[in-house]
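Please read all numbers here as calculations on a predicted model, not as lab measurements. By convention in this document, chain letters (A, B, ...) are assigned in the order of the sequence lines, proteins followed by strands, and residues within each chain are numbered from 1.
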2 protein chains.
Amino acid sequence: MINQYKNEDKTLLAVDCIIFGFDNEELKLLLIKRDFEPEKGKWSLMGGFLKQNETLNEAASRVLTHLTGLHDVYMEQLYSFSELDRDPVERTISVAYFALINLNDHDKELTESHSAKWFSLKDMPKLIFDHDAMVQHAIRRLRYRTATQPIGFELLPEKFTMRQLQKLYEAIYDQTLDKRNFTKKINGMDLLLRLDEKDMTSSKKGSYLFKFDEQKYKEKVMDGFSFKV
Amino acid sequence: MINQYKNEDKTLLAVDCIIFGFDNEELKLLLIKRDFEPEKGKWSLMGGFLKQNETLNEAASRVLTHLTGLHDVYMEQLYSFSELDRDPVERTISVAYFALINLNDHDKELTESHSAKWFSLKDMPKLIFDHDAMVQHAIRRLRYRTATQPIGFELLPEKFTMRQLQKLYEAIYDQTLDKRNFTKKINGMDLLLRLDEKDMTSSKKGSYLFKFDEQKYKEKVMDGFSFKV
DNA sequence: TCAAAAGTGTTCACCGTACACCCATGG
DNA sequence: CCATGGGTGTACGGTGAACACTTTTGA
């Protein structure tokens, strides 16, 4: 009696990862094509089952690293989904996580070997089970987070231009922003360092590269419920 | 193979409820004294195990109704806690929920029969396991929610004065607010109806009673991830 | 008549938004 | 020399914050 909660039901627990990336134009999602039944051949979020000896955060990290080869990725627990019939095979509770990764430096071969593919948010197949609802919830959370904390930088390479950052925010909020107001607002955050380097690929004049100030960034972003894999 | 996820670990799943109430002075929390080991005699959140045939929301509702006798209560899923040793008896994942109830109309005998007691947030015993962390998280979420959605009314009786509402917000944010600015802001929300009645218990002059406009309220508060028990 | 709580309006600072022109350079 | 994208400042309206006096009436 003291050593066990006898007679209580145990349940299968999964984690599913909503993995966001940004290609300098659009916000993208990493999806995999299921190679097993049910719903074989359909697209879904990357997921996995929770093991006895790991926390949910660890399980989500494991799933993400397994698929992308990346470490040190921003992740955050989203919500737990528990409809009785959400998985037709067997009753499974799924805890959704979202991750923000820099599209350029993830391991493309690794994702390809998992039949994974990046999809634009606007051009996404219907997903299995309740994964579409998870994605909707993740987009809302991402908008809220980026409005209050500067986590948007997680989606960019180390050095980036003000225009890249602006396009990222435009993709997240799905609306265009004024260049001058955007610059003013970002500078007001006092988080960016302007480098002497310029990026010459996007225009003839070239545009300044920035990186963000790790120190100030960490003070502002850490709230105890996000973590790095 | 198609009918079952064989060889995957199953886990005990619990829900724990952070139940907020307001007594016109302070924000309070409903806690229970554990009458079983381990930690017998210590204070904890009200919880219960998830059953095979119910969703997490349903489990949270069941636990809440069992303790308070109340229905139609605002509840929202908070976060899932999964540290390996969070429950010393056996590995258990707990999904925390918070609830907002009107302190006046809950069933006092029912809560007493469960050795439950209301505690002011400022005058709270240390709780078992990771329940203190759950409470901290719930307070943060409550502040965020009340800042963006008018759910504060859930904690008040049907008719209330502007001063009561102000004291509630002061309790939630743990700071005093300016009477004039508060009134202006609330009126700007266009959610309250001022009644002809006055409440004469708090002053000689009496203060107007308000109730909120159910119709407009529902439009603004529903976002798909809170629910009524 | 006085103590106690209720009601009410104005000013100011700051922030978000709208908006247009010049600059540097490669072709 | 010109087309392309990059960089910058100002004016306005709305919102949040500070702030004090009058009203009512039971005791």
Next on the checklist: Nearest whole Å is fine: how far is D:dT8 C1' from A:Arg194 CZ?
Outcome noted: 11 Å
Checklist entry - Just how far, in rounded Å, is P of D:dT25 from CG of B:Asp199? => result 15 Å
Checklist entry - Contact class for B:Gly206 (heavy atom, under 4.0 Å): base, sugar-phosphate, or nothing? => result sugar-phosphate
Next on the checklist: Under a 4.0 Å threshold between the charged nitrogen and the carboxylate oxygen, would B:Lys122 count as salt-bridged to B:Asp174?
Outcome noted: yes
Checklist entry - Is there side-chain contact between B:Leu67 and B:Leu110, with heavy atoms separated by less than 4.5 Å? => result no
Next on the checklist: A quick test of your reading: do over 12 heavy atoms of other residues, nucleotides or ligands sit less than 6.0 Å from NZ of B:Lys108?
Outcome noted: yes
Next on the checklist: Under the rule for ring pair (Phe, Tyr, Trp, His ring centres under 6.0 Å), what residues qualify as partners of B:Phe119, not counting sequence neighbours?
Outcome noted: B:Trp43
Checklist entry - Just checking, B:Arg194 and B:Tyr208: is the charged tip under 6.0 Å from the six-membered ring centre and within 45° of the axis? => result yes
Checklist entry - Which comes earlier along DNA chain C counting from the 5' end, the contact point of B:Tyr208 or that of B:Lys204, where each point is its nearest nucleotide? => result B:Lys204
Checklist entry - Should B:Lys216 and B:Asp190 be marked as a side-chain contact (heavy atoms from CB on, under 4.5 Å) after you check the CA-CA gap, both sets of side-chain angles, and the distance that decides it? => result CA-CA 8 Å; B:Lys216 293 180 182 167; B:Asp190 187 32; 3.1 Å; yes
Next on the checklist: On the side chain of B:Lys205, is there an atom forming a donor-acceptor pair with the base of D:dT23 - under 3.5 Å, no angle test?
Outcome noted: yes
Next on the checklist: Distance check, rounded to the nearest 0.5 Å: B:Leu64 atom CG versus B:Tyr97 atom OH?
Outcome noted: 12.0 Å
Item to check | Outermost nucleotides of DNA chain C that come under 4.0 Å of a non-hydrogen atom of chain B | outcome: C:dA5 to C:dT10
Item to check | Residues touching DNA chain D, which here means a heavy atom under 4.0 Å, drawn from residues 161-184 of chain A | outcome: A:Arg163, A:Lys179, A:Arg180, A:Lys184
Checklist entry - With a cut-off of 6.0 Å (strictly less than), are more than 12 heavy atoms of other residues, nucleotides or ligands near NZ of A:Lys28? => result yes
